[in-house]
Amino acid sequence: MLTAVLFLIGLALFILFKMFIVVEMREEVILERFGKYRATLKPGLHFIIPFVDRVAYRQEIREQVIDVPHQKCITRDNIEVEVDGIIYLKVMDAHKASYGINDYKLASINLAQTTMRSEVGKITLDDTFSERDEMNEAIVEELDKASDPWGVKVMRYEIQDIQPSEDIVLTMEKQMEAEREKRAEITESSGERDARINVSAGKRQGAILLSEGEREKRINEANGQAREMELLAEATAYGIERIADAIAQPGGSLAVKMRLTEQYIEEFEGIVENANVSVLPVEAANLKTFFEGAAQISNQTNPS
């Protein structure tokens with residue numbers, strides 16, 4: 001009797017427990033009655049009929065992070081790379097997510113891998129590193145269109161790693177080393193060229209300055225000589241003018257002649273003294289006496 005009572009009490013408690021369900025804040029519950037969709041239960045306490053209603057699915061309504069495993073892709077230039085990524089998605093409609101597809105997570109992963117292989121095949125290896133954002137956007141667009149009937153919204157997709165094969169990595173390292181050496185040689189040759197240009201420009205500028213200095217020197221010397229000649233000409237003209245004035249005076253012409261005669265005699269005496277002459281004409285020997293007598297006569301004729 002006691003066993004029956006305890007059984008009934010336990011059965012009552014079990015039925016009472018099954019009559020209520022608590023839905024947490026982070027999820028939505030799909031309720032079925034006799035195998036048919038009845039309602040989508042929101043967060044909170046809900047009453048159900050035991051053995052008639054049952055919880056068919058519990059859908060996570062928070063944004064979910066799904067890892068996309070590594071996969072091998074072939075680039076447009078026939079280079080094999082391994083690519084992995086992360087999908088960020090959120091269940092927007094629990095009913096569609098429950099009945100629209102068997103496993104939306106697995107479907108999202110497979111679709112992301114397929115789309116990634118397609119996108120990588122459109123570009124070269126170098127572009128896979130520089131065009132990640134474009135590939136991410138293309139994958140999100142494709143996933144979002146495909147996941148709309150599933151009641152799932154793909155928020156974003158991020159490529160985690162792009163890893164070429166070891167042979168390609170070695171080849172890329174050699175290529176980068178060669179590129180660095182090339183840039184170093186170009187930089188060195190550019191420096192030498194600039195140095196030669198600067199040296200030649202300096203020499204050219206020095207030659208120009210030197211020639212300009214020489215030209216200025218010659219100009220200054222020419223100006224000085226011209227000024228000197230001008231002054232000499234002025235002095236000579238002034239002297240000639242004074243001599244002409246003197247000659248125009250009475251007795252001036254004779255005085256000039258007498259002065260020229262004296263200078264001639266003096267020069268002639270110097271020549272005779274320095275020359276090895278033993279015989280002279282009588283006229284030359286008496287020439288000075290003749291002119292001295294002429295000078296005395298002139299003095300007597302033109303007393304001053």
How far does CG of Asn136 sit from CZ of Arg132, to the nearest 0.5 angstrom? 8.5 Å
When you measure from the side chain of Asn220 to the backbone N and O of Glu216, does any donor-acceptor pair fall under 3.5 Å? yes
With a 4.5 Å limit on heavy-atom distance, are the side chains of Ile49 and Arg33 in contact? yes
Flag yes if Val152 and Tyr99 sit in one hydrophobic cluster, no otherwise; membership is Ile, Leu, Val, Met, Phe, Trp, Tyr, and two members link when side-chain heavy atoms are under 4.5 Å apart. no
Quick one: do Gln113 and Val68 satisfy side-chain contact (heavy atoms from CB on, under 4.5 Å)? Show the steps, please. CA-CA 7 Å; Gln113 289 181 323; Val68 179; 3.6 Å; yes
Taking the six-membered ring for Trp, are His46 and Phe20 closer than 6.0 Å centroid to centroid? no
May I ask you to say whether Arg227 pairs ionically with Glu230, meaning some side-chain N is under 4.0 Å from a carboxylate O? yes
Begin from the C-alpha positions of Tyr57 and His95 and carry the test side-chain contact (heavy atoms from CB on, under 4.5 Å) through to its verdict. CA-CA 9 Å; Tyr57 302 98; His95 179 270; over 6 Å; no
Val199 side chain reached by Arg196 side chain, heavy atoms, under 4.5 Å: no
Rounded distance (nearest 0.5 Å) linking atom CG of Asp93 with atom NZ of Lys153: 14.0 Å
Short side-chain to backbone donor-acceptor contact, Ser211 and Ile208, under 3.5 Å: yes
Report yes or no: do Ile123 and Val81 belong to one cluster of Ile/Leu/Val/Met/Phe/Trp/Tyr joined by side chain heavy-atom distances under 4.5 Å? yes
Are Glu32 and Arg38 within salt-bridge range, i.e. N to O under 4.0 Å? no
How many angstroms lie between OG1 in Thr114 and CD1 in Ile109, if you round to the nearest 0.5 Å? 11.5 Å
One pair to check against side chain to side chain donor-acceptor pair (under 3.5 Å): Glu141 and Tyr157. What are the steps and the verdict? CA-CA 10 Å; Glu141 184 179 356; Tyr157 179 88; over 6 Å; no
Check whether any side-chain heavy atom of Cys73 lies under 4.5 Å from a side-chain heavy atom of Met116, and answer yes or no. yes
Taking NZ, NE, NH1 and NH2 as the nitrogens, is one of them in Lys90 or Glu63 under 4.0 Å from a carboxylate oxygen of the other? no
Would you say that Leu31 contacts Asp53 through its side chain, given a criterion of any heavy-atom pair below 4.5 Å between the two side chains? yes
I'd like to check Val52 versus Phe34 (side-chain heavy atoms, cut-off strictly below 4.5 Å). Are they in contact? yes
Heavy-atom check, side chain of Arg62 versus side chain of Arg26, under 4.5 Å: yes
Residues sharing Tyr88's hydrophobic cluster, by side-chain heavy-atom contacts under 4.5 Å among ILVMFWY, directly or via others? Val65, Ile86, Met155
May I ask you to say whether Lys122 pairs ionically with Glu119, meaning some side-chain N is under 4.0 Å from a carboxylate O? yes
Do Trp150 and Ser108 have side chains that approach each other closer than 4.5 Å (heavy atoms only, starting at C-beta)? yes
Gap between atom CG of Asp67 and atom CG of Asp84 - 0.5 Å precision: 6.5 Å
Are any non-hydrogen side-chain atoms of Met135 and Ile162 less than 4.5 angstrom apart? yes
Arg180/Glu177 salt bridge by N-O under 4.0 Å criterion: yes
